[in-house]
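Below is one structure, written out as structure tokens; comments come after it.
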Amino acid sequence: MDNRPIGVFDSGLGGLTAVKELEKVLPEESIVYFGDTGRVPYGNRSRETILRYARQDMAFLLDHGVKAILAACGTVSSVARSVGEGLDVPYFDVIGPTVKAAARATKNGRIGVIGTAATIASGSYREMLLRINQKFEVFPQACPLFVPLVENAFISPQEEITRLVAERYLAPMRESGVDTLILGCTHYPIISPTIASVMGRGVVLIDSGREAARALADTLRSMDLLSVDACRENRYFITDTLENFSGVAELFLGHSVQGHTERIDIEKF
């Protein structure tokens with residue numbers, strides 16, 4: 001048993017989708033969340049910059065004594081896969097669990113992948129899907145505007161601008177006949193109603209944050225690292241203004257984060 005918190009990091013708000021799932025499957029666990037809201041998005045950065053950011057993010061979490069780290073960021077998971085090597089605590093990214101879920105879900109072997117420009121350019125999802133089954137047909141699509149739309153709270157299914165952007169990005173994917181769509185960025189589940197509406201019935205959406213959170217929970221159980229303290233306390237750290245984060249975070253999580261959020265200088269790590 002281990003009462004230390006779980007560490008979760010992302011470029012901004014998207015990783016809260018993983019936190020929400022962790023709260024469901026591991027209700028007694030404390031979580032330290034780091035959202036790099038001052039440098040979001042990561043998806044249009046160079047590999048070297050993404051690696052540097054990810055190392056700083058993890059150093060911050062380790063400084064808070066976490067027992068495991070979840071990179072709830074599709075860009076880091078795709079472009080900087082080696083960043084978790086050599087850690088003294090278990091490290092998880094979103095790709096492996098997500099790919100396995102998509103492979104189980106597809107009936108026709110046609111799988112779409114949407115993500116940031118860096119994630120799609122890396123080819124990481126396609127590579128891992130083809131390792132599972134070389135007959136899979138994989139259709140990638142970069143959706144760089146989705147992250148800023150989410151970060152700026154354009155998340156309602158009634159938001160016309162979000163739907164127009166989704167139509168533009170997803171029309172080729174819909175026409176390709178995919179029956180499974182990987183949401184390869186943890187920001188994207190926040191607008192999944194819009195994405196589902198555009199894709200139409202019969203297309204299964206795979207939430208990368210949810211799948212990663214479930215995989216982490218399974219591993220902690222198997223390693224006997226679950227908490228025995230029911231006094232859960234989540235803490236949220238960001239690099240930009242608290243006001244913008246708190247309001248939107250409460251919409252995502254369904255509960256208040258007031259009094260549990262702090263702005264930090266990540267360049268110190």
Side-chain angles (χ1 to χ4, degrees), residues 8 10 14-26 43 70-78 81 92-116 119-143 146-147 150 155 157 162-163 166-167 169-222 252:
V8 181
D10 184 39
L16 293 173
T17 58
V19 171
K20 185 174 184 178
E21 187 64 24
L22 284 171
E23 289 178 340
K24 292 179 182 177
V25 298
L26 296 175
L70 170 57
C73 177
T75 299
V76 169
S77 299
S78 299
R81 299 213 70 198
F92 303 83
D93 66 28
V94 299
I95 295 183
T98 303
V99 164
K100 291 175 183 176
R104 291 192 300 267
T106 187
K107 299 293 190 296
N108 66 6
R110 300 169 74 85
I111 301 171
V113 181
I114 56 176
T116 65
T119 294
I120 298 303
S122 74
S124 54
Y125 278 101
R126 182 179 186 277
E127 177 185 346
M128 291 195 70
L129 283 166
L130 293 181
R131 285 184 192 174
I132 294 174
N133 189 336
Q134 291 187 347
K135 293 183 179 180
F136 282 157
E137 295 181 81
V138 183
F139 300 86
Q141 174 65 53
C143 302
F146 279 171
V147 169
V150 169
I155 59 177
T162 305
R163 184 172 183 88
E167 288 277 6
Y169 285 149
L170 301 176
M173 192 78 63
R174 186 176 58 219
E175 293 167 5
S176 70
V178 302
D179 72 347
T180 304
L181 179 63
I182 291 175
L183 307 183
C185 172
T186 50
H187 284 72
Y188 297 177
I190 296 164
I191 55 171
S192 60
T194 299
I195 294 172
S197 176
V198 171
M199 291 302 297
R201 293 183 177 180
V203 177
V204 177
L205 304 186
I206 306 296
D207 180 335
S208 55
R210 178 186 298 129
E211 298 302 331
R214 290 174 176 175
L216 184 153
D218 289 343
T219 299
L220 292 186
R221 288 192 189 96
S222 69
F252 296 165

Electrostatic pair Arg110:Asp179 at N-O distance under 4.0 angstrom:
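Looking at Asp179 together with Arg110, the answer is no, because their closest N to O distance does not fall below 4.0 Å.
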Between Arg126 and Glu137, does at least one N-O distance fall below 4.0 Å, as a salt bridge requires?
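Result for this pair is no, no salt bridge flagged.
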With side-chain contact (heavy atoms from CB on, under 4.5 Å) as the criterion, how do Val113 and Phe139 come out once you've worked through the C-alpha distance, each side chain's angles and the decisive distance to 0.1 Å?
CA-CA 6 Å; Val113 181; Phe139 300 86; over 6 Å; no
Indicate yes or no: at least one non-hydrogen side-chain atom of [X] is less than 4.5 angstrom from one of [Y].
{"X": "Arg131", "Y": "Val99", "value": "no"}
{"X": "Lys135", "Y": "Leu130", "value": "no"}
{"X": "Arg174", "Y": "Glu167", "value": "yes"}
{"X": "Asp93", "Y": "Arg81", "value": "yes"}

Non-hydrogen atoms of [X] and [Y] that approach each other most closely:
{"X": "Pro189", "Y": "Thr186", "value": "CD-O, 3.3 Å"}
{"X": "Val138", "Y": "Pro140", "value": "O-CD, 3.5 Å"}
{"X": "Ser222", "Y": "Thr219", "value": "OG-O, 2.8 Å"}
{"X": "Gly177", "Y": "Asn108", "value": "O-ND2, 3.0 Å"}
{"X": "Ala71", "Y": "Val76", "value": "CB-CG1, 4.3 Å"}
{"X": "Gly15", "Y": "Val8", "value": "O-CG1, 4.3 Å"}

Is it true that a side-chain atom of [X] and a backbone atom of [Y] form a donor plus acceptor pair closer than 3.5 Å?
{"X": "Ser208", "Y": "Leu183", "value": "yes"}
{"X": "Thr98", "Y": "Val94", "value": "yes"}
{"X": "Ser176", "Y": "Met173", "value": "yes"}
{"X": "Arg210", "Y": "Thr17", "value": "no"}

Please identify which of these residues, Leu129, Ile114, Leu205, meets the side-chain contact (heavy atoms from CB on, under 4.5 Å) condition with Ile182.
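The single option meeting the side-chain contact (heavy atoms from CB on, under 4.5 Å) with Ile182 is Leu129.
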Residue pair Thr119 / Ser122, side-chain donor-acceptor N/O under 3.5 Å:
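There is no such pair (donor and acceptor under 3.5 Å, judged by atom type) between the side chains of Thr119 and Ser122.
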When you compare the side chains of Thr162 and Thr194, does any donor N or O come within less than 3.5 Å of an acceptor on the partner?
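The criterion, which ignores hydrogens and geometry beyond distance, is not satisfied for Thr194 and Thr162.
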Atom pair [atom1]/[atom2] of [X] and [Y] - distance to nearest 0.5 Å:
{"X": "Ser78", "Y": "Ile95", "atom1": "OG", "atom2": "CD1", "value": "3.5 Å"}
{"X": "Leu70", "Y": "Ser77", "atom1": "CG", "atom2": "OG", "value": "7.5 Å"}
{"X": "Thr75", "Y": "His187", "atom1": "OG1", "atom2": "NE2", "value": "9.0 Å"}
{"X": "Leu216", "Y": "Leu26", "atom1": "CG", "atom2": "CG", "value": "7.0 Å"}
{"X": "Tyr125", "Y": "Ile111", "atom1": "OH", "atom2": "CD1", "value": "12.0 Å"}
{"X": "Tyr188", "Y": "Ile195", "atom1": "OH", "atom2": "CD1", "value": "8.0 Å"}

Mind running side-chain contact (heavy atoms from CB on, under 4.5 Å) on Ile120 and Gln141 for me, showing each step along the way?
CA-CA 7 Å; Ile120 298 303; Gln141 174 65 53; 5.8 Å; no
Full working for side-chain contact (heavy atoms from CB on, under 4.5 Å) between Glu211 and Ile206:
CA-CA 8 Å; Glu211 298 302 331; Ile206 306 296; 4.0 Å; yes
Check the pair Phe146, Ile191 against side-chain contact (heavy atoms from CB on, under 4.5 Å), reporting the backbone distance first and the verdict last.
CA-CA 9 Å; Phe146 279 171; Ile191 55 171; 3.8 Å; yes
